Amino acid sequence: MFGLVDGNNFYVSCERVFQPRLDGRPVVVLSNNDGNVVSRSPEAKQLGIAMGAPYFEVRQLLRQHQGHALSSNYALYGDMSRRVMARLADQVPAVEVYSIDEAFLDLHGLTTFCGTLDVRAQRIRRDVLACTGIPTCVGMAPTKTLAKAANRLAKKYPELHGILRLDTNSRRERALRALPAADVWGIGRQCAHLLTAHGIRTAWELAGVSEAWARKHLGGVVGWRLIQELRGQPCQGLQPSEDGTLARQSISCSRSFGQRLTAFDDLWGAVTTYLSRAAEKLRAQGDQAHILTVFISQDRYDTCLPPPYTRSTTLTLPSGPTSNTLQLLAYARHLLERLYEPGRQYVKAGVVLDGLEPPGRGQQLSLFAPPAGAVLPAPDAGRAQQLMRSLDALNRQFGRGTVRPAATAVSGDQPAPWLGKAQHRSQAYTTRFDDLMIIL
DNA sequence: TCTGGGGTCCTAGGACCC
DNA sequence: TCTGGGGTCCTAGGACCC
């Protein structure tokens with residue numbers, strides 16, 4: 001039996017823990033660059049503000065109703081998430097952290113000693129709320145897909161008091177009949193359109209399609225699994241997370257710029273900044289990467305431009321896996337030079353690190369000399385590692401970016417040209433001493 | 001005027017291997 | 001003229017998730 005715990009309006013709930021004045025009002029949290037709405041309070045949902053709506057489209061409406069828009073504050077949300085996950089890990093045999101605000105639970109055997117599953121689920125909700133201030137809902141079912149569906153319905157129908165258990169066929173049927181097919185986990189916009197075109201409206205009808213049809217129209221094996229799970233046949237197990245964190249198979253960092261950039265050096269400054277951050281995350285996870293991707297994007301909303309808007313290039317590092325920022329930067333520079341075209345206007349850039357593995361595994365090196373310029377002179381591994389450790393320690397102690405590559409430097413007091421907007425950011429209440437709440 | 005970021009998984013074609 | 005089968009890896013792109 002799986003459980004799925006999901007924070008209600010997670011980012012807004014995090015903000016409300018520290019700003020009770022936001023209670024009862026329409027509140028939204030914006031994406032990076034204050035671009036789109038990524039979290040909405042129930043009051044904001046009632047105003048008809050859609051998930052993902054561009055901020056400029058809803059700003060006026062929000063103002064009319066004395067609402068608030070906040071820039072996203074990932075330091076706060078990340079820390080609140082860790083606290084929630086820690087509470088969950090305390091109460092069930094295993095937890096799989098699925099996203100910043102969601103976790104699958106292993107509910108196996110919980111009923112034997114501790115009353116019914118429903119009682120346990122309510123206890124989990126009360127505990128998380130009491131210890132972190134975050135309201136949640138819990139879905140329970142024999143498959144992950146059904147647990148997601150149960151959670152969805154628990155959020156939608158207040159009379160369920162935040163929990164729903166789908167452990168019998170009759171409960172499953174009732175629930176799936178009440179759930180639109182488009183709300184099933186794994187059904188995105190494209191598939192939703194296709195289902196509508198075929199007259200499939202509810203999750204129950206979706207569960208009734210033939211396996212051949214699912215394979216043909218819903219993405220091959222992915223669609224087949226989805227149908228199996230809706231019918232109660234598990235196709236995915238729980239993948240427990242160690243220390244309440246999620247080990248990643250890839251690490252990326254990308255940002256939209258605050259303005260259009262054309263100069264190579266500006267783009268290089270941005271890529272340097274993002275790669276430094278990505279490498280930092282890589283080291284924090286204790287891994288090395290051997291595949292590096294750099295991409296730059298033009299404005300996809302510019303109707304005068306032909307697609308593709310994003311150009312990317314990927315390199316398998318000829319010198320093997322590394323987590324050394326300076327080494328990665330040398331490769332990234334070559335990749336960016338390959339992508340960059342003078343005169344074009346770029347709005348976004350990013351890097352992706354793939355092929356992650358812990359250091360010390362046998363490294364496969366190239367037998368032959370790589371092309372000139374493709375490989376750095378091998379740095380002294382020990383000293384390079386020590387340098388990165390010092391870098392991370394300084395940035396941890398004195399704040400991100402205290403020590404950073406010179407390419408990210410900007411003359412004078414100018415803000416870096418690639419920096420985006422974050423005009424409504426709340427404080428890092430739980431992770432910076434200077435931002436601690438003061439209660440008078 | 002303004003329209004995010006960080007992930008996962010799958011597919012498909014080509015090059016290449018035995 | 002006929003021209004296999006079973007793989008891997010790479011790259012690019014698409015769909016989906018939160």
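This one's a predicted model, so the numbers in the text were calculated from it and none came from an experiment. So that the names make sense, note that chain A is the first sequence line, chain B the second, and so on, each numbered from 1.
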Review point. For DNA chain C, which residues in residues 212-235 of chain A have a heavy atom at a distance below 4.0 Å?
Key: none
Review point. What pair of heavy atoms forms the shortest contact from A:A44 to A:R40, and how long is it?
Key: CB-CB, 4.0 Å
Check your understanding: Do other residues, nucleotides or ligands put more than 12 heavy atoms under 6.0 Å from A:H193 NE2?
Key -> no
Point to revise | Distance test, side-chain N/O of A:R59 to OP1/OP2 of B:dT3, below 4.0 Å | key: no
Review point. Are the ring of A:Y55 and the six-membered base ring of B:dT3 within the stacking cut-offs of under 5.5 Å and under 30°?
Key: no
Exercise for review: Would you indicate what A:E57 reaches in the nucleic acid, counting non-hydrogen atoms under 4.0 angstrom: base, sugar-phosphate, or nothing?
Suggested key: nothing
Review point. Nearest to the side chain of A:Y74, which nucleotide is it out of B:dG4, B:dT3, B:dG6?
Key: B:dG4
Study note, to complete from the structure: Protein-proximity profile, nucleotides 12-18 of chain C, B/S/- by nucleotide at the 4.0 Å heavy-atom cutoff, equals ---SSSS
Review point. From B:dG4, B:dC2, B:dG6, pick the nucleotide closest to the side chain of A:F56?
Key: B:dC2
Revision key, fill the gap. Quick note, A:T316 side chain, CB onward, closest among B:dG5, C:dC10, B:dG4 is C:dC10
**Study point:** Touch class at under 4.0 angstrom, heavy-atom based, for A:V38 against every strand present
**Key:** base
Practice item. Indicate, with a heavy-atom threshold strictly under 4.0 Å, whether A:L30 touches base, sugar-phosphate, or nothing. Key: nothing
Point to revise | Test item: A:D101 side-chain N/O and A:D6 main-chain N/O as donor-acceptor pair under 3.5 Å | key: no
**Study point:** Aromatic plane relationship, A:F10 with A:Y77 - under 30° parallel, 30 to 60° tilted, over 60° perpendicular
**Key:** perpendicular
Check your understanding: Between A:L226 and A:I187, does a side chain to side chain contact (heavy atoms under 4.5 Å, CB included) hold up when you go through it step by step?
Key -> CA-CA 9 Å; A:L226 190 152; A:I187 298 297; 4.0 Å; yes
Study note, to complete from the structure: So, with a heavy-atom separation below 4.0 Å from DNA chain B, the residues of residues 254-269 of chain A are A:S254, A:R255, A:S256
Check your understanding: Mapping A:D354 and A:G35 to their closest nucleotides on DNA chain B, which lands nearer the 5' end?
Key -> A:G35
Exercise for review: Check the distance between B:dC2's C1' and A:L62's CG and give it to me in whole angstrom.
Suggested key: 15 Å
